[in-house]
Amino acid sequence: MSAGADTGDGFGTVHWPTEIRLKKEEKRLEVDFDDGRTFSYPAEFLRVVSPSAEVQGHNPSQKQTVAGRRHVGIMRLEPVGNYAIRIVFDDLHDSGIFTWKYLYEIGTEQEALWAEYLEELQAKGLSRDPRR
């Protein structure tokens with residue numbers, strides 16, 4: 001199957017997870033994909049790139065910069081059909097549906113997305129640390 005092939009699942013899934021590990025103490029999610037790639041996502045990263053409308057908005061101009069999540073953890077993962085997981089964070093954010101396609105994309109782009117997030121925080125005078 002070519003990298004751009006449609007799998008017919010309706011979500012554009014090309015790479016499927018073979019193992020998902022929630023490391024609560026490390027505040028990290030690890031996902032192994034069927035092409036041999038493994039991504040390790042800090043909870044804070046997943047929280048600030050959540051695909052939820054609350055974070056992404058309904059169009060690019062509505063995208064929110066989520067600050068103060070340096071210490072956020074993951075309480076649990078919930079399967080959503082056979083195409084995604086819902087991540088329930090300990091700040092009670094739970095509306096993002098992380099499809100396999102989205103997890104793979106943010107895994108491959110993690111360094112650039114994180115740098116962009118840090119630049120947004122700085123430009124807006126925000127911090128990764130929670131308000132005191």
Exercise. Please step through side chain to side chain contact (heavy atoms under 4.5 Å, CB included) for the pair Asp129 and His71, ending with a clear verdict.
Key: CA-CA 8 Å; Asp129 293 310; His71 306 294; 4.1 Å; yes
Quiz prompt | Stepwise side chain to side chain contact (heavy atoms under 4.5 Å, CB included) check, Leu103 with Phe39 | solution = CA-CA 9 Å; Leu103 282 168; Phe39 299 109; over 6 Å; no
Practice problem: Mind running side chain to side chain contact (heavy atoms under 4.5 Å, CB included) on Ile97 and Tyr83 for me, showing each step along the way? | Solution: CA-CA 9 Å; Ile97 304 296; Tyr83 67 93; 4.3 Å; yes
Exercise. Starting from the C-alpha separation in whole Å, work towards a yes-or-no answer on side chain to side chain contact (heavy atoms under 4.5 Å, CB included) for His93 and Leu46.
Key: CA-CA 11 Å; His93 177 75; Leu46 292 170; over 6 Å; no
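With salt bridges taken as basic N to acidic carboxylate O contacts below 4.0 Å, none links Glu44 and Lys27. Remark: Glu19 engages Arg21 in a salt bridge, criterion side-chain N to carboxylate O under 4.0 Å.
Residues Ser52 and Gln64 are not in side-chain contact: their nearest non-hydrogen atoms beyond the backbone lie 4.5 Å or more apart. Side-chain contact between Ile20 and Leu29 is present, with at least one heavy-atom pair separated by less than 4.5 Å.
Note that the OH atom of Tyr102 and the OG atom of Ser50 stand 7.0 Å from one another [nearest 0.5 Å]. Rounded to the nearest 0.5 Å, atoms OG (Ser95) and CD1 (Ile87) are 11.5 Å apart. How far CD of Glu105 is from CZ of Phe98: 13.0 Å, rounded to the nearest 0.5 Å. Between the OG1 atom in Thr38 and the CG atom in Asp32 there is a gap of 3.5 Å [rounded to 0.5 Å]. Distance OH/Tyr41 to CZ/Arg28: 11.5 Å, rounded to 0.5 Å.
Heavy-atom minimum distance, Asp91 versus Arg47: OD2-NE, 2.8 Å. Contact record, Leu92 with Met75: CD2-CE, 4.2 Å, taken as the closest heavy-atom pair. Nearest heavy-atom pair across Arg76 and Leu22 is CA-CD2, 4.2 Å. Annotation for Trp16 and Val14: closest pair CD1-O, 3.8 Å, computed over non-hydrogen atoms. For the residue pair Ser127 and Ala67, the shortest heavy atom distance occurs at O-CB, 3.4 Å.
A single hydrophobic cluster is seen to contain both Val55 and Leu126, as judged by linkage of ILVMFWY side chains at heavy-atom distances under 4.5 Å, directly or through other members. Hydrophobic clustering (side-chain heavy atoms under 4.5 Å, transitive across Ile, Leu, Val, Met, Phe, Trp, Tyr) groups Leu77 together with Val48.
In terms of the side chain to side chain contact (heavy atoms under 4.5 Å, CB included) criterion, residue partners of Asp35 (sequence neighbours excluded) are, by chain and number, His15, Phe33, Arg37, Tyr104.
A donor-acceptor contact shorter than 3.5 Å is absent between the side chain of Lys24 and the backbone of Ile74.
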Could you pull out all donor-acceptor pairs under 3.5 Å where a side-chain atom in residues 113-123 meets a protein atom, sequence neighbours excluded?
from: Tyr117; atom 1: OH; to: Val66; atom 2: O; distance (Å): 2.6
from: Glu120; atom 1: OE1; to: Thr65; atom 2: OG1; distance (Å): 3.0

